[in-house]
Number of protein chains: 2
Amino acid sequence: MRAPLDPDMFDPVCPSDLSPIRVGDKWAGMIIRCLEQGPRRFSELRVPLRGITAKVLTRSLRALERDGLVRRTAHAGRAPRVDYELTPLGRSLLGPMDVACEWARRNWDDLLDAREAGAAPGRARD
Amino acid sequence: MRAPLDPDMFDPVCPSDLSPIRVGDKWAGMIIRCLEQGPRRFSELRVPLRGITAKVLTRSLRALERDGLVRRTAHAGRAPRVDYELTPLGRSLLGPMDVACEWARRNWDDLLDAREAGAAPGRARD
DNA sequence: CAGAATCCAGTCAGATACTG
DNA sequence: CAGTATCTGACTGGATTCTG
């Protein structure tokens, strides 16, 4: 709630593409980060998740809800409004996620080097 | 090396299906665990990874190699023999993986409950 | 605003068969 | 033994269009 989400909170260069550690589907980790400081509305989430379509966001949120990580609250009344927030279980994931991010930051260079080098020299890639 | 891999080291009930935290593809996490105590041969890896086909194991290993997590060593000579072992980078993943496993163990019940409850009552599940 | 419906292309795991 | 080749069907992410 408090501060609006930074549209650039996810650096397009940084994404977890390099890190082998993943949380849920492609967007789940970012969604959880978006909810870290409190409930957010559907449209609010779409801002930092640049380019995500409504369908995909809906599917990711449903999966998070099914797994007990996120709670959905639809507020009645004309002009639909739906809030998503972390459950205690979802919030407890932030610790492991921090560990994963820290690992990625510390090993950034090694990860980049490995990718640049491609597979081991001398053997086919795909 | 020392002890052969336990064919049952991955409980068919336990698998990370419930945990939202993933390392690489479906098999990568298990492969890394298999290599924790030293180099293993291709066939050795297939034992605990019950049912994995050669093609899929090869693909997973190639991806791990490309990412700098595993090193492949082909020993020359008749009767092919290939060893796979963790690189220092790959070994450094064990810490975050332990954190993820610990999280999953601690929240096992909540995860199961969420799944049993299905999605939130009253709305469609897919 | 917060989705649902439909369609599409790429990726994934797996099955099966073959090879140096 | 340690793979490769080929073919499947399932799942994923996304684009587009439509709705209460």
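The chains referred to below are lettered A, B, ... by the order of the sequence lines, with proteins before strands, and numbering in each begins at 1. For clarity, every value in this text was computed on a predicted model and none was experimentally measured.
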Participant: Among residues at least two apart in sequence or on other chains, which ones pass salt bridge (charged side-chain N to carboxylate O under 4.0 Å, His left out) with B/Arg46?
Facilitator: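 Testing B/Arg46 for salt bridge (charged side-chain N to carboxylate O under 4.0 Å, His left out), a comparison that skips the adjacent residues, returns none.
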
Participant: How would you list, by chain and number, every residue that makes a salt bridge (charged side-chain N to carboxylate O under 4.0 Å, His left out) with A/Asp25, sequence neighbours excluded?
Facilitator: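 Partners of A/Asp25 by the salt bridge (charged side-chain N to carboxylate O under 4.0 Å, His left out) criterion come out as none, since no residue qualifies.
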
Participant: Under the salt bridge (charged side-chain N to carboxylate O under 4.0 Å, His left out) rule, collect the residues that match up with B/Arg105, sequence neighbours excluded.
Facilitator: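 Checked B/Arg105 against salt bridge (charged side-chain N to carboxylate O under 4.0 Å, His left out); matches are B/Glu102.
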
Participant: Can you give one letter per nucleotide of nucleotides 6-20 of chain C, going 5' to 3': B for a protein heavy atom under 4.0 Å from the base, S for sugar-phosphate only, - for none?
Facilitator: BB----SBBB----B

Participant: Measure from CG on A/Leu49 to C1' on D/dG14 and round the result to the nearest Å.
Facilitator: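 Rounded to whole Å, this separation is 14 Å.
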
Participant: In whole Å, what is the span from the CZ atom of A/Arg78 to the P atom of C/dC1?
Facilitator: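 Spelled out: CZ on A/Arg78 to P on C/dC1 is 11 Å.
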
Participant: Are B/Arg72 and B/Asp83 close enough, and set up right, to give a salt bridge (Lys or Arg N to Asp or Glu O under 4.0 Å), and what steps lead you there?
Facilitator: CA-CA 6 Å; B/Arg72 177 184 186 273; B/Asp83 279 335; over 6 Å; no

Participant: Give the rounded distance in Å between these two atoms: OH of B/Tyr84 and C1' of D/dC1.
Facilitator: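 Those two atoms, OH and C1', are 11 Å apart.
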
Participant: Would you kindly give the CZ-to-P distance between A/Phe42 and C/dA4, to the nearest whole Å?
Facilitator: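 Atom-to-atom, A/Phe42 to C/dA4, this comes out as 8 Å.
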
Participant: Could you walk me through whether B/Asp17 and B/Lys26 pass the salt bridge (Lys or Arg N to Asp or Glu O under 4.0 Å) check?
Facilitator: CA-CA 10 Å; B/Asp17 288 359; B/Lys26 177 177 176 180; over 6 Å; no

Participant: For the CZ atom of B/Arg71 and the CG atom of B/Leu35, what is their distance to the nearest 0.5 Å?
Facilitator: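 Interatomic distance, B/Arg71 CZ to B/Leu35 CG, rounded to 0.5 Å: 12.0 Å.
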
Participant: Please report, rounded to the nearest Å, how far the C1' atom of C/dA4 is from the CZ atom of A/Arg72.
Facilitator: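 Taking atom C1' of C/dA4 as the reference, CZ of A/Arg72 is at 12 Å.
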
Participant: Where do B/Arg115 and B/Asp113 land on the salt bridge (Lys or Arg N to Asp or Glu O under 4.0 Å) test, with the steps shown first?
Facilitator: CA-CA 5 Å; B/Arg115 285 295 174 98; B/Asp113 288 352; over 6 Å; no

Participant: Per the end-axis method with five pairs at each terminus, what is the bend angle of the helix from C/dC1-D/dG20 to C/dG20-D/dC1, to 10°?
Facilitator: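 Answer rounded to 10°: the end axes differ by 50°.
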
Participant: Take the protein atom CG of A/Leu57 and the nucleotide atom P of D/dG13, then report the distance between them rounded to whole Å.
Facilitator: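 The distance from CG of A/Leu57 to P of D/dG13 comes to 12 Å, rounded to the nearest Å.
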
Participant: C/dG3 P sits how many Å from A/Arg81 CZ, rounded?
Facilitator: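 After rounding, the reported distance stands at 13 Å.
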
Participant: Applying salt bridge (charged side-chain N to carboxylate O under 4.0 Å, His left out), can you list everything that pairs with B/Arg91, at least two apart in sequence or on another chain?
Facilitator: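 B/Arg91 satisfies salt bridge (charged side-chain N to carboxylate O under 4.0 Å, His left out) with no other residue.
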
Participant: May I have the distance from A/Arg41 (atom CZ) to C/dC1 (atom P), rounded to whole angstrom?
Facilitator: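 Whole-Å distance recorded here is 7 Å.
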
Participant: Between B/Asp67 (side chain) and B/Leu69 (backbone), is there a donor-acceptor pair under 3.5 Å?
Facilitator: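 Such a contact is absent between B/Asp67 side chain and B/Leu69 backbone.
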
